[in-house]
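First comes the structure, then the notes that go with it.
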Amino acid sequence: MREKRTKIKHVLSNEPLGESLTVMGWVRTKRASKSVAFIALNDGSSINNLQVVADAEKFGEELLRKITTGASISATGKLVESQGAGQTCELVAEQIEVFGEADPDKYPLQPKKHSLEFLREIAHLRPRTNTFSAVMRVRHALAFAVHQFFNEKEFFYINTPIITASDAEGAGETFHVTNFDLANVPKNDEGGVDYKQDFFEKEANLTVSGQLEGELAAMALSDIYTFGPTFRAENSNTTRHLAEFWMIEPEMAFYDLKDNMDLAEEMLKYLVKYALDNCADDLAFLEKRAADEDKNKPQNERAEMTLTERLRFVLENDFERVSYTEAIEILRNSKPNKKKKFSYVIEGWGADLQSEHERFLVEKHFKKPVILFDYPKDIKAFYMRQNDDEKTVGAMDILFPGIGEIVGGSQREERMDKLSQRMEEMDIPAEEMEWYLDTRRFGAVPHSGFGLGFERMILFVTGMGNIRDVIPFPRTPGNCEF
RNA sequence: UCCUCAGUAGCUCAGUUGGUUAGAGCAUCUGACUGUUAAUCAGAGGGUCGUUGGUUCGAGUCCAACCUGAGGAGCCA
């Protein structure tokens with residue numbers, strides 16, 4: 001029988017000096033001299049390692065040889081005050097068991113800095129690095145905080161389908177779901193694909209948003225949220241797009257656009273605060289990592305604030321709320337616009353904002369998170385509520401420095417006539433969406449909701465630069481390994 | 001998908017205007033060292049220079065195509 005193990009996090013925080021205990025984990029490095037070996041052991045419970053001291057004579061060359069970077073061991077011994085600098089306590093091993101060796105000639109992780117690009121190629125091993133274990137712990141904390149936030153607000157967590165049949169949501173290219181033998185796809189009389197013979201007897205795809213189903217639930221439970229995977233078959237190759245990502249989509253009955261913005265801002269701040277309160281060690285590590293990386297950049301590209309300063313700044317300041325119309329005026333009168341520094345010069349009202357414009361507003365003009373609202377209806381989705389000016393809809397996007405759009409939402413059009421008119425104008429096939437339209441036919445109420453890109457949030461909180469490094473196994477065009 | 005840049009040892013990189021046997025640091029291995037902190041010191045092994053084709057007496061270096069990666073744009077969360 002093995003002794004019960006203690007997680008290293010608790011060993012380091014409680015420091016039960018003099019007690020005998022067992023720890024288990026993976027070896028980060030081993031430093032050996034003739035008489036004694038020092039093993040830096042990490043079990044993922046914390047960014048910090050526990051130093052295990054192994055007497056060379058006691059354990060012998062054969063055992064110590066197996067203890068290499070990446071090997072997994074169990075060590076039992078007494079926790080004592082450390083004789084060396086660098087740690088306050090250490091475990092003097094009386095017993096060591098090697099669970100699994102890691103051939104040093106083949107194990108790709110070394111006790112040195114690796115590039116994020118290299119680690120992406122070994123995504124199955126990268127959680128064993130400081131950076132990725134820290135990111136994953138923060139990711140967990142944020143996911144937990146999402147549920148806690150909504151639970152405190154008496155929202156209900158609902159699960160919307162991952163496989164859907166309607167392609168009418170207009171949120172981008174979809175992945176098809178089929179049971180067909182692709183080498184021999186059944187055809188109908190017109191020569192098209194005969195979906196009647198497929199598993200669902202109709203065309204099906206992976207969801208691009210849980211919003212429409214979320215609205216159905218909100219029309220009964222008042223306040224709901226979804227938190228699930230989302231799929232977009234867009235050929236996007238950027239630091240902030242994934243083909244498979246996680247999205248949080250609250251939907252609230254009786255909320256207007258302002259209520260919606262209030263909730264989104266409160267939620268983002270709650271998540272940031274939760275991370276600051278609960279992930280201090282990991283954030284300190286990530287802050288240092290980001291600062292080191294910054295040193296390699298030219299002066300003008302370096303961050304003005306450290307990671308935690310940035311998080312506190314978001315927490316302590318109101319987001320700037322500006323209407324699309326005001327934003328266009330600001331942009332039109334801005335220096336880069338007048339000097340034609342923008343690739344897309346703002347001529348007038350109605351233009352879609354390019355990311356250079358969003359960056360200008362967030363990073364140069366306001367220097368804080370910005371909520372843009374009341375967009376022209378022609379550049380937004382069919383379900384957004386039409387304003388009385390007949391030009392704009394009650395949409396809102398939250399823009400974060402360095403990330404861009406982190407939240408996109410709107411007040412939904414609850415008036416049947418307005419909605420069906422808009423659907424017709426935008427060629428949305430109503431016959432596929434009767435179930436959705438029923439919410440407008442029966443007991444329609446004003447309601448609102450938004451979508452928060454979970455990985456984009458993690459990007460902001462961890463200070464990482466590429467969305468592929470904040471999800472364990474990223475799916476992007478041409479990449480579906482692991 | 002478009003634009004730009006990159007691909008040299010396990011990793012991170014250097015390699016002059018094309019010119020003999022392609023280098024460094026780290027990692028690995030061997031040895032030294034009574035407590036180290038990405039330990040230190042000494043030595044060793046390790047390369048079809050992304051792929052294919054071309055120019056040339058001669059290509060890591062020049063040209064073309066392709067592959068892979070990164071950054072930016074678009075799409076968006």
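Letters A, B, ... are given to chains in the order of the sequence lines, protein chains preceding strands, and every chain is numbered from 1. All figures in this text were calculated on a predicted structure; none of them were measured in a lab.
- When heavy atoms are screened at a 4.0 angstrom cut-off, T29(A) is found touching the sugar-phosphate backbone but no base atom.
- As rounded to the nearest Å, G35(B) and G25(B) have P atoms that lie 25 Å from one another.
- One interatomic measurement links the two molecules: NZ of K34(A) to P of U36(B), which rounds to 17 Å at whole-angstrom precision.
- For S33(A) and A32(B), the shortest distance from a side-chain N or O to OP1 or OP2 is not below 4.0 Å.
- Applying the 4.0 Å criterion to OP1 and OP2 of G74(B), one finds that Q354(A) has a side-chain N or O inside that range.
- Residue T238(A) places none of its side-chain N or O atoms closer than 4.0 Å to OP1 or OP2 of C76(B).
- Between U12(B) and S115(A), a contact under 4.0 Å exists linking OP1 or OP2 to a side-chain N or O.
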For nucleotides 46-52 of chain B, give me one character per nucleotide, 5' to 3': B if any protein heavy atom sits under 4.0 Å from the base, S if the only such contacts are to the sugar-phosphate, - if neither.
-------

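- With its ring centre under 5.5 Å from that of the base six-membered ring and a plane angle below 30°, F245(A) counts as stacked on A77(B).
- Residue contacts for A56(A): at a heavy-atom cut-off of 4.0 Å it reaches no nucleic acid atom on any strand shown.
- Taking 4.0 angstrom as the limit, R65(A) places none of its side-chain polar atoms (N or O) nearer than this to OP1 or OP2 of U28(B).
- Rounded to a whole angstrom, the distance from the P atom of A42(B) to that of U52(B) is 40 Å.
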Identify the pairs formed between an N or O of the protein and an N or O of nucleotides 67-69 of chain B at a distance under 3.5 Å, and give each distance.
residue	atom	partner	partner atom	Å
G69(B)	OP1	N479(A)	OD1	3.4
G69(B)	OP1	N479(A)	ND2	3.4

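- Taking 4.0 angstrom as the limit, R232(A) places none of its side-chain polar atoms (N or O) nearer than this to OP1 or OP2 of G74(B).
- Residue contacts shown for E455(A) are absent, as no nucleic acid heavy atom lies under 4.0 Å away.
- Within the nucleic acid shown, E90(A) comes within 4.0 Å of at least one base atom, counting heavy atoms only.
- Considering only side-chain N and O atoms, S343(A) lies nowhere under 4.0 angstrom from the phosphate OP1 or OP2 of A73(B).
- U56(B) sits 25 Å from A22(B) when the P atoms are compared, rounded to a whole Å.
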